[in-house]
Enquirer: 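One structure, pasted below without further comment.
All values reported here derive from a predicted model rather than from experimental measurement.
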Amino acid sequence: MDRGTERDTPPSRGAGSGAAPEPADTGRIPLAVVVVDRAGLVSHWSSGARRLFGVSKDEAIGRHAIDLLPVSGALPDIDDGPQHEEYAPYDGLGPGLGTSLDGGLGYPSAGRARLTVPEPSGTEMPPADACGRNRVDVLWWAYPLVGPGSERLLVLAADAEALHRPDTEDGTLVERIAPGFALHTDFPGAEDLARRLPEILPSMSVGDSARIVSQVLELGYPVLEFSQNDRVPVTPDWGVARRVERRVRRERAARAAASGRPLPKEPDDEGEDLEYAAVRERLEFLNEVSGKIGTSLDLARTIGEVSRAVVPRFTDVAGTYLREQVVAGEGFPDGVPDTRTMWHRVALEHTDEPGRWDDVVPVGEAMPFPAHTPFFQCMTSGEPVLVPRISEQLGHAIASQFDKRDIRPLITGRSMLVVPLKARHVVLGFMILLRHPERAEFNDMDRVTGAELAARAGLVLDNARMYTHQENVAETLQDSMLPHIPPRMAGCDIATRYLPGTLLGRIGGDWFDSVKLPGARTALVVGDVMGHGLNSAAMMGQLRTAVQTMAALDLPPAQLLRNLDDLAQRLGETYLATCLYAVYDPIAGELHLANAGHIPPVLVRAGDGRSELLDLPTGAPIGVGGVPFEAVRVRVAPGDRLVMCTDGLVEMRGEDIGVGLATLCESAAHPAASMNDACDTIIRALNTRGGRKDDVALLLARLNGIEPDDVAEWTFPLDPAQAGRARAVVREQLHDWGLARLAGPAELMVSEVVTNAVRHSHGRPVTMRLVRGDTLLCEVDDDDHELPTLLSAGPDDEAGRGLRVVSTLAREWGTSRTAVGKSVWFELTLPRR
């Protein structure tokens, strides 16, 4: 970038010849910098301007800018070639700059044109054109300046031909970004321009330079760069009628008056106003669309916003198609689409009569697109495809993709524009835009507008896609970690609910669980890892697994929380968690509970329907470290209900938690026909108040208990002959319970387990208990702490077959340690009644 420092270097034509162009990867070329004051006079003229325009700083300062920067005419399309004779009618820097110099534009403009410049003395110039003039191909940008200072306009210009000359030793041509008109957007070079403007405006005060910099950044950076392979219109003039520059008209009028000839008829200002009104309208349209899309990160909502934003103002029909991976919420799609790529029609907006499109091209349909279609061209090139009018032949080719549906009446004769929805250089989808036959065809201006629209929409869709994908991953992770609790456990019925939060990254660390324990007991757990997102969900999974493991060891509640806290310290995580752990013994009619910083549970008494918060020692959250935990025992009766939940259910922003707890107690006491109905009643009462941001875990257990008549216990002395007695009492008890069909396998398993217990006991008698519940449970306890294991016994082995028999015949079986030794248990399925 030219810094504007005045050096004693000989001037030469073109910015590119005064200094070697920088490598292509910098994206910069030397600039000429001109500042025009409110009187239209040049107040700053950089050395780059001297080299580009062939006028020294002393000659330029104080002169009218319009005299130094002739502004008649404009430039043909970029790829029309470098033949100078083609540019003969197009002298000047273009109408946009002329209007800016006259103060007629209040927004940034940009353009490209051929410029005829004088030949500075003492320099070598390239051959002049056929008319003896020196031609320079110029890119220019103009920024209107407002404020208390005297400066009115900042003009930047560069030699465009430098982009066509080799920039590297091997002669590689410079590649540039395709053009566009960017307002309020970042652009490569904008920050560098802002940083170095004070250097390229050395004659200005620091305050004036800072003011100009701030305005340039606020207005945006007009973009006009190009690739040698792209054919693109010049911005901001997209092919609308060119105006006749005012100064030229004034000169012609003066010459006519001097010669006595009639004043030539000139166009009025209507065409001129029309051109710039069209440009302004397109920019306003893009800004409006940008404000209407991306209001949320919901993919489906974003798709609808994009479609509705363009109908009917820009098009009459808008169909949006996305790749299969995007719709499925999977990862970023790989590779270039091909004829096998499935595209889902996810939205269709139109101004036709209702139902005309719905049956022929329904939303939700998925289809590939053949290689001969404009859609395939758009999706593979990543560039807009403009079809001014869909011919009968093209209409037939498109309609051939639709089996048993003739869409030709819907599309033939219409103007079509297909624009890609891209993100990170990958096509996520495309939009098919159609205009009614009686409406003006899409033109180059519309193509550029559609491309900019699609670029913004693609970015918004990609943000929604990435969020949806991350959310799906987190939900999958959490769903895999949340247990599928059976509705019935020994002596109790259980119902659960999980509600994700309403915050972004709403997946959190709330969980619930139930664990089957020896003695027909059940462990009930609710926990909450503080925070949201994948990390919290992963931490929750670790803690839940640890609780399950320690519960299976039948650790007392307080000891289990103590061990869990130690584990959290060893994991080295910075997360804290609350946890409520309860063990329900349906035979004893008792709850054994311990709390680690969690909200207390609610107990609803079956007798009078009264509900209460259980008064438990609160304890510190898991992860604090070095704090004791206490456990309490609470007597319960058959039919009592225990409600355990996380704080997301009862906490509301701006509301005391006591209000939520009171509502929880009241709703939990409500009569309900089933456990699921009871859960729904609680959720409705607390989830409809509004303001909930956290996720919710709710566990409801009806404590049915086990009747004394369904439990039988015996004690056997340490005598091997007691195995026979054990078989006899089991056979008799099962006959009394009407379960005589289970006597055979039950006797065989009891004989094996009691024999092992008598053999390995150290002095205490062996106890046996039968429990009739949802299954037939048999437990045998002794004072040996070593747990038996399942062995593979050979034909000649005398031991090792007992547990093999149990494993074969039992529905479930297991071993666990007790306070005085161990317990071996097995279950049999009850026969259907």
Enquirer: I'd like to check Trp714 versus Leu770 (side-chain heavy atoms, cut-off strictly below 4.5 Å). Are they in contact?
Expert: yes
Enquirer: Rounded to the nearest 0.5 Å, how far does CG of Leu560 lie from CE of Met550?
Expert: 4.5 Å
Enquirer: Is any side-chain heavy atom of Leu571 less than 4.5 Å from a side-chain heavy atom of Met539?
Expert: yes
Enquirer: Side chains of Thr818 and Pro518: closer than 4.5 Å at any heavy-atom pair?
Expert: no
Enquirer: Restricting to non-hydrogen atoms, name the atom on Val583 and the atom on Pro557 that form the minimum distance, rounded to 0.1 Å.
Expert: CG2-CG, 4.1 Å
Enquirer: For Ala669 versus Gly609, what's the shortest heavy-atom pair and its separation?
Expert: CB-O, 3.5 Å
Enquirer: List the atom of Cys579, the atom of Ile622, and the distance in Å for their closest heavy-atom pair.
Expert: CB-CG1, 4.4 Å
Enquirer: Run the side chain to side chain contact (heavy atoms under 4.5 Å, CB included) check on Lys516 and Met489 step by step: do they pass?
Expert: CA-CA 8 Å; Lys516 184 176 183 178; Met489 300 287 282; 4.1 Å; yes
Enquirer: Where the side chain of Gln569 meets the backbone of Gly623, is there a donor-acceptor pair that is under 3.5 Å apart?
Expert: yes
Enquirer: Tell me every residue that passes side-chain hydrogen bond (donor to acceptor under 3.5 Å, both in side chains) with Asn756, counting only those two or more places apart in sequence or in another chain.
Expert: none
Enquirer: Please assess Leu591 against Leu703 for the test side chain to side chain contact (heavy atoms under 4.5 Å, CB included), listing each intermediate value before the final yes or no.
Expert: CA-CA 10 Å; Leu591 284 171; Leu703 312 177; 4.0 Å; yes
Enquirer: Are any of the side-chain heavy atoms of Val602 and Arg641 separated by less than 4.5 Å?
Expert: no
Enquirer: Which value, rounded to the nearest 0.5 Å, describes the distance between Arg521 atom CZ and His592 atom NE2?
Expert: 10.0 Å
Enquirer: Quick check: do Arg769 and Val771 have side-chain heavy atoms less than 4.5 Å from each other?
Expert: yes
Enquirer: Could you go through Leu739 and Arg772, starting from their C-alpha distance and side-chain angles, then the distance that decides it, and tell me whether this counts as side chain to side chain contact (heavy atoms under 4.5 Å, CB included)?
Expert: CA-CA 10 Å; Leu739 301 175; Arg772 181 179 61 174; 4.1 Å; yes
Enquirer: Of the non-hydrogen atoms in Gln733 and Ala712, which two are nearest, and what is the gap between them?
Expert: OE1-CB, 3.7 Å
Enquirer: Taking only residues two or more places apart in sequence, or in another chain, which ones meet Glu707 in a salt bridge (charged side-chain N to carboxylate O under 4.0 Å, His left out)?
Expert: none
Enquirer: Counting N and O atoms only, with roles assigned by atom type, does the side chain of Ser611 sit under 3.5 Å from a partner on the main chain of Cys665, one being a donor and the other an acceptor?
Expert: yes
Enquirer: Is there a donor in the side chain of Thr646 and an acceptor in the side chain of Asp510, or the other way round, less than 3.5 Å apart?
Expert: yes
Enquirer: Can you sort out the partners of Thr681 under side chain to side chain contact (heavy atoms under 4.5 Å, CB included), two or more places apart, ordered by chain and number?
Expert: His670, Arg684
Enquirer: Using side-chain heavy atoms (C-beta onward) and a distance below 4.5 Å, is Ile485 in contact with Leu699?
Expert: yes
Enquirer: State which residues pass side-chain hydrogen bond (donor to acceptor under 3.5 Å, both in side chains) with Asp585; sequence neighbours excluded, sorted by chain then number.
Expert: none
Enquirer: Before giving the answer on side chain to side chain contact (heavy atoms under 4.5 Å, CB included), spell out for Leu649 and Ile683 the whole-Å C-alpha distance, their side-chain angles and the decisive distance to 0.1 Å.
Expert: CA-CA 8 Å; Leu649 184 63; Ile683 293 296; 4.0 Å; yes
Enquirer: Counting only heavy atoms not in His785, do more than 12 sit closer than 6.0 Å to its NE2 atom?
Expert: yes
Enquirer: Would the number of heavy atoms belonging to other residues, nucleotides or ligands and lying under 6.0 Å from CD of Glu732 be above 12?
Expert: no
Enquirer: Can you list everything that forms a salt bridge (charged side-chain N to carboxylate O under 4.0 Å, His left out) with Asp783? Sequence neighbours excluded, please.
Expert: none
Enquirer: Shortest non-hydrogen contact from Tyr581 to Leu517?
Expert: OH-CD1, 4.4 Å
Enquirer: Any salt bridge (Lys or Arg N to Asp or Glu O under 4.0 Å) pairs touching residues 614-628, not counting sequence neighbours?
Expert: none
Enquirer: Test of understanding: with salt bridge (charged side-chain N to carboxylate O under 4.0 Å, His left out), list the residues that count as partners of Asp565, not counting sequence neighbours.
Expert: Arg562
Enquirer: At their closest point, which heavy atom of Leu567 faces which heavy atom of Ala546, and how far apart are they?
Expert: CD2-CB, 3.2 Å
Enquirer: So do Asp784 and His762 actually touch side chain to side chain, heavy atoms under 4.5 Å?
Expert: yes
Enquirer: Just verifying a value: how many Å separate His760 NE2 and Leu718 CG, rounded to the nearest 0.5 Å?
Expert: 12.5 Å
Enquirer: Who passes side-chain hydrogen bond (donor to acceptor under 3.5 Å, both in side chains) against Asn595, sequence neighbours left out?
Expert: none
Enquirer: For Cys679, what residues pass the side chain to side chain contact (heavy atoms under 4.5 Å, CB included) criterion, not counting sequence neighbours?
Expert: Ala495, Arg497, Leu698, Leu700
Enquirer: For residues 741-752, please give each side-chain donor-acceptor pair under 3.5 Å, one per line with the distance, not counting sequence neighbours.
Expert:
unit_1 : atom_1 : unit_2 : atom_2 : d
Glu747 : OE1    : Arg731 : NH1    : 2.7
Glu747 : OE2    : Arg731 : NH1    : 3.2
Ser751 : OG     : Arg727 : NH1    : 2.7

Enquirer: Between Asp781 and Arg764, is there a side-chain N and carboxylate O pair less than 4.0 Å apart?
Expert: no
Enquirer: Which value, rounded to the nearest 0.5 Å, describes the distance between Trp813 atom CH2 and Leu803 atom CG?
Expert: 4.5 Å
Enquirer: Rounded to the nearest 0.5 Å, how far apart are CG of Leu322 and CE of Met342?
Expert: 13.5 Å
Enquirer: Please, which pairs that meet salt bridge (Lys or Arg N to Asp or Glu O under 4.0 Å) have at least one residue in residues 604-614, sequence neighbours excluded?
Expert: Arg605-Glu612, Arg605-Asp640, Asp608-Arg610, Arg610-Glu612
Enquirer: Measure the shortest side-chain to side-chain distance between Val632 and Leu614 over non-hydrogen atoms and say whether it is less than 4.5 angstrom.
Expert: no
Enquirer: Not counting sequence neighbours, which residues clear side-chain hydrogen bond (donor to acceptor under 3.5 Å, both in side chains) with Arg811? List them please.
Expert: Glu827, Thr829
Enquirer: Would you say the side-chain atoms of Trp737 pair up with the backbone N or O of Asp709, donor to acceptor, closer than 3.5 Å?
Expert: yes
Enquirer: Roughly how far, to the nearest 0.5 Å, is the OG1 atom of Thr522 from the CZ atom of Arg488?
Expert: 11.0 Å
